[in-house]
Peer 1: 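Structure incoming, see below.
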4 protein chains.
Amino acid sequence: MLPDSRNTTTVCLRVLYADTDRMGVVYYGNYLRFFEVGRSAYMRARGSSYDELERNGTFLPVVESHVDYKRSAGYDEELEISTWLGELGRAQVRFAHSICRGAEVLASGYTRHAVTNAAGKPGRLPEKLAQALLGPACETHEDILAT
Amino acid sequence: MLPDSRNTTTVCLRVLYADTDRMGVVYYGNYLRFFEVGRSAYMRARGSSYDELERNGTFLPVVESHVDYKRSAGYDEELEISTWLGELGRAQVRFAHSICRGAEVLASGYTRHAVTNAAGKPGRLPEKLAQALLGPACETHEDILAT
Amino acid sequence: MLPDSRNTTTVCLRVLYADTDRMGVVYYGNYLRFFEVGRSAYMRARGSSYDELERNGTFLPVVESHVDYKRSAGYDEELEISTWLGELGRAQVRFAHSICRGAEVLASGYTRHAVTNAAGKPGRLPEKLAQALLGPACETHEDILAT
Amino acid sequence: MLPDSRNTTTVCLRVLYADTDRMGVVYYGNYLRFFEVGRSAYMRARGSSYDELERNGTFLPVVESHVDYKRSAGYDEELEISTWLGELGRAQVRFAHSICRGAEVLASGYTRHAVTNAAGKPGRLPEKLAQALLGPACETHEDILAT
């Protein structure tokens with residue numbers, strides 16, 4: 001599944017000392033944090049926000065995560081996190097992510113989310129959100145420099 | 001304020017790769033996580049638990065934290081976190097902490113906590129908890145190997 | 001691939017406030033930290049340690065991680081992390097993990113690791129380590145209470 | 001010590017789910033991560049970078065940290081981290097920080113750093129860096145939206 005640039009949102013972030021480990025590179029678990037940064041930007045770029053979604057009673061708990069680590073990311077490097085919709089079902093959403101440094105892909109992966117209410121019961125994605133997620137970004141390509 | 005061994009609870013933990021940073025040692029922010037490990041052990045050693053406290057409507061949000069870093073802690077090293085009561089007022093609690101590797105003190109510091117209800121309104125420490133915190137540990141010295 | 005109890009190492013840990021997020025449960029990225037706790041215990045139970053391995057010039061950077069989240073883990077709960085060898089090749093190792101609360105499986109997954117030298121060049125697993133990883137634990141089943 | 005706007009660097013960041021805890025707000029230990037974001041921006045705004053500093057053999061390990069928590073910060077909120085020079089000695093540097101949400105100060109504090117070489121031996125701050133840290137930002141006020 002190749003990302004379509006119209007339907008991809010890219011956000012930049014700079015690697016903190018806090019993100020690195022003794023190997024001098026980003027700790028493998030922190031990529032899931034970076035994926036969250038990407039998802040959050042993807043939704044905001046489509047006029048939504050995960051916070052608002054929860055306040056309206058819809059939750060998207062992660063039910064599966066996968067990361068392929070290809071090259072390591074060093075301290076203070078600027079990374080680009082690209083996010084696109086991998087799959088959108090009635091009761092689940094899959095976000096696909098890639099993390100690049102310039103032209104190099106450092107990591108890629110995905111997170112799969114169930115749709116539930118506040119009590120954790122399975123639910124359906126509100127139609128309005130589904131349409132927003134499927135559509136292009138309000139701005140074609142946002143470029144937010146994140147620390 | 002020197003710790004009194006009867007009133008001090010010590011817990012061991014092993015440094016994870018996740019805790020380290022590019023300098024090869026524990027990231028400075030992670031000591032506040034270690035302090036939490038210490039507080040939690042201190043309360044459990046006195047027959048209480050912070051989880052139970054919250055379920056009964058009392059919260060202890062941190063209002064001040066302080067750390068003096070003396071020596072660095074490396075990956076896979078076993079650390080001892082000692083916690084004792086620094087101060088107990090009607091509306092606040094201060095926990096004092098030291099982090100050692102054998103006989104060496106690596107860091108020391110404290111966390112000061114307000115007492116509130118679930119809505120964040122100032123409250124008072126339940127008398128039963130106050131007595132438990134002031135008393136000695138159920139076991140004199142617990143030695144829990146963490147991670 | 002079902003774990004064989006002789007070849008599985010289980011370690012306990014207690015969920016910290018630091019591990020939780022606004023949903024009141026362990027943040028999805030922190031499971032990769034828990035997997036590290038499991039791998040580390042697995043190696044130590046076989047007379048080895050990852051720290052020693054690195055000091056002898058062998059590194060095991062993670063090249064793939066996967067987590068299936070089945071049930072959420074709450075604050076202060078005691079979890080059991082079980083780790084076993086998923087696959088052992090000349091140039092890679094796969095560790096399989098499950099995270100349980102009593103009889104309930106909360107999450108499972110794996111991490112795949114390349115074998116490299118300090119400069120990141122592909123290498124081979126030292127024969128002695130390979131034998132140790134394939135063998136049973138020195139103690140049949142270690143039960144270390146963490147934090 | 002009041003910040004002087006010419007000598008203060010402010011950077012924005014958005015609170016991640018990863019930063020929050022069960023209380024629904026930013027975990028107290030993560031403020032030290034936010035302080036790092038501030039320090040890093042402060043140095044970059046003056047034409048330097050901590051990464052470059054280390055590559056030239058000067059390290060600034062934290063020897064003391066202090067945080068006063070006044071109000072909590074919620075998920076997805078935009079925070080402003082302001083950093084200024086608290087003190088600059090031959091062998092140490094102190095950065096002062098405040099974290100605001102609009103006009104509200106949520107937290108303030110400082111980090112004190114020793115100056116060492118790669119081996120951890122005490123050193124002196126390179127004169128060029130000292131001048132850069134004492135001077136105003138290259139751009140008067142940078143406003144970088146993070147995550």
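Throughout, protein chains are lettered first and strands after them, A, B, ... in sequence-line order, and every chain is numbered starting at 1.
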Peer 1: Does any backbone or side-chain atom of D:Ser72 lie under 4.5 Å from a heavy atom of chain B? Answer side chain, backbone, both or neither.
Peer 2: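 Neither part.
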
Peer 1: How far does OH of D:Tyr28 sit from NE2 of B:His113, to the nearest 0.5 angstrom?
Peer 2: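 Going from OH on D:Tyr28 over to NE2 on B:His113, the span is 6.5 Å.
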
Peer 1: For chain B, which candidate among D:Thr111, D:Asn30, D:Val67 shows the most heavy-atom pairs at distances under 4.5 Å?
Peer 2: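 Top option by heavy-atom pairs under 4.5 Å: D:Val67.
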
Peer 1: Go through B:Tyr31 and D:Leu32 one step at a time and tell me if the side-chain contact (heavy atoms from CB on, under 4.5 Å) criterion holds.
Peer 2: CA-CA 10 Å; B:Tyr31 285 81; D:Leu32 294 183; over 6 Å; no

Peer 1: When you check the side-chain N and O atoms of B:Tyr69 and D:Ser65, is any donor under 3.5 Å from an acceptor?
Peer 2: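 B:Tyr69 vs D:Ser65: donor-acceptor pair found between side chains.
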
Peer 1: Compute whether any side-chain donor of one residue and acceptor of the other, for D:Tyr27 and B:Glu36, lie under 3.5 angstrom apart.
Peer 2: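 There is such a pair (donor and acceptor under 3.5 Å, judged by atom type) between the side chains of D:Tyr27 and B:Glu36.
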
Peer 1: Side chain from CB out, backbone as N, CA, C, O: work out which of these in D:Asp51 comes under 4.5 Å of a heavy atom of chain B, or both, or neither.
Peer 2: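 It is both, since atoms from each part get that close.
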
Peer 1: With a 4.5 angstrom heavy-atom cut-off, which part of D:Tyr110 approaches chain B: side chain, backbone, both or neither?
Peer 2: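 The side chain, not the backbone.
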
Peer 1: For B:Arg112, is there an ion pair with D:Asp68 - N to carboxylate O distance below 4.0 angstrom?
Peer 2: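 No salt bridge links D:Asp68 with B:Arg112.
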
Peer 1: Are there more than 12 heavy atoms of other residues, nucleotides or ligands under 6.0 Å from atom NZ of B:Lys128?
Peer 2: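 No, NZ of B:Lys128 has 12 or fewer neighbouring heavy atoms, counting only those of other groups under 6.0 Å.
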
